[in-house]
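Some notes on the structure that comes next.
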Amino acid sequence: MSAAASSASAAASAAAAQRPSRAPAATTRRGPTLPRLVASEWTKLVSLRSTLWTAAVTVAVAFTFTYLSANASSGDPGFDPARSLPDGVALSQLGTLVLGVLAGTADFRTGAFRSTFTAAPRRGRVLVARTLATAGVGAVVALLAVVATVLGVVPAARSRDMSVDLAGGSAPQVLVGSWLMLLGMALLGLGIGSLLRRTVPAMVAALALVFVLPVGISLGAEMAMSPTEMTAESPAGPASLDPVSTVTAFLPGDAAFRMTTTADDGGVDGAPDLGPWGGGLVFAAWIVLPLAGATLRLRTRDVT
């Protein structure tokens, strides 16, 4: 009886072994969800020392230059504190631009991209998550920088017994435009950094595009002009568009700064008047361009 039972048990075991094992719940290699990727990218970005230092310097520069500019112009009879608000932002945009470049090149600089793309094979989703995380950090830094510009104007306004009206006149548009400008610079830097993947080339390209290229174009045009052309008076009548001024107006630095102005400020002589909305659209196109290039490179080329 025991022998029969043993043989039956052995037969059952053999049948079970031959039976195809039921596969576990199917899991596709789609990687983590977008919210988890955003949280991971946020953690990586805020844990970098360079992020903290860049944010601190950006806010300090915004306050310092606004304070100096407001105090220098406070003696003018028509002094308007709101007019000094964009002055600090004009230079502090360098900080958020650098912040974006460092965010775009961090994984490639440290070699962490290998583990990142192994855990999340869908590279486009990783870039989307990194963009959202950088936008979040950039939004916070931009907000702090805008608050710093307001604080920088207060001493000069008090010296003239004036109050800083943030809700009236052009102040709301200037403040929102300044915040969008700083946030956009972070995203532009991210796109360039993600496209080039190397910190030094990406930093040089970003600084050259935003700060050096407009100055170089203007200086090159002036050097190419003859002394007669430089001293000649412009003809009377409607102002014609100048090619150099027109090209400069469509560069990211000038287009972004238009967002900190109002429609009443007018444009630069010889250049089309883009206005705050037009400047914002041109600047947005400059942000999308390198991000689209980075997405295409991630999908079509190796990450090494």
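Just so it is clear, the structure is predicted and the values come from calculations on it, not from any experiment.
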Linking I/L/V/M/F/W/Y whenever any side-chain heavy atoms sit under 4.5 Å apart, do V59 and L182 land together?
no

So which atom in A256 and which in M185 form the shortest heavy-atom distance, rounded to 0.1 Å?
CB-CE, 3.9 Å

Hey, does T149 have a side-chain heavy atom less than 4.5 Å from the side chain of F63?
no

Only one of T131, L127, V126 forms a side-chain contact (heavy atoms from CB on, under 4.5 Å) with E41, so which one is it?
V126

Can any side-chain N or O of S40 pair as donor or acceptor with the backbone N or O of L37 at less than 3.5 Å?
no

Do L175 and W179 come close enough that some side-chain heavy atom pair is under 4.5 Å?
no

Backbone N or O of G104 within a donor-acceptor pair of the R109 side chain at under 3.5 Å?
no

Taking side chain as C-beta onward, heavy atoms only, is L94 less than 4.5 Å from L207?
yes

Strictly by modelled atom types, are T260 and S178 linked by a side-chain donor-acceptor pair under 3.5 Å?
no

Determine whether a donor-acceptor pair (N or O, by modelled atom type, separation under 3.5 Å) exists between the side chain of T54 and the backbone of S50.
yes

Go through V210 and L188 one step at a time and tell me if the side-chain contact (heavy atoms from CB on, under 4.5 Å) criterion holds.
CA-CA 10 Å; V210 176; L188 177 63; 3.9 Å; yes

Side chain S47, main chain K44, donor-acceptor under 3.5 Å:
yes

Identify whether L45 and V128 are in the same connected component of the hydrophobic contact network (ILVMFWY, side-chain heavy atoms under 4.5 Å).
no

Indicate yes or no for a side-chain donor-acceptor contact from T261 to the backbone of R258 under 3.5 Å, with no hydrogens or angles considered.
yes

If you count heavy atoms of other groups shown closer than 6.0 angstrom to OH of Y67, is the number above 12?
no

Would you kindly confirm whether L274 and L251 end up in one hydrophobic cluster when ILVMFWY residues are joined by side chain heavy atoms under 4.5 Å apart?
yes

Just do the side-chain contact (heavy atoms from CB on, under 4.5 Å) check on V282 and F250 with the steps written out, would you?
CA-CA 7 Å; V282 172; F250 282 92; 3.9 Å; yes

Indicate, with yes or no, if L291 and W286 share a hydrophobic cluster defined by side-chain heavy-atom contacts under 4.5 Å among Ile, Leu, Val, Met, Phe, Trp and Tyr.
yes

L99 and V137: side-chain contact (heavy atoms from CB on, under 4.5 Å), yes or no, with the steps?
CA-CA 9 Å; L99 177 67; V137 175; 4.1 Å; yes

Does this structure show an ion pair linking D107 with R114, if we count only N-O contacts that are shorter than 4.0 Å?
no

Backbone N/O of R299 and side chain of R123: donor-acceptor pair under 3.5 Å
no

For R160, does the CZ atom have more than 12 heavy-atom neighbours from other residues, nucleotides or ligands under 6.0 Å away?
yes

May I have the step-by-step check of side-chain contact (heavy atoms from CB on, under 4.5 Å) for R197 and R297, ending in yes or no?
CA-CA 10 Å; R197 301 179 181 175; R297 187 180 183 189; 3.5 Å; yes

Do M203 and L209 share a hydrophobic cluster, counting only Ile, Leu, Val, Met, Phe, Trp and Tyr and linking them when any side-chain heavy atoms are less than 4.5 Å apart?
yes

Pair S92-T58, side chain to side chain donor-acceptor pair (under 3.5 Å): steps then yes or no:
CA-CA 5 Å; S92 59; T58 301; over 6 Å; no

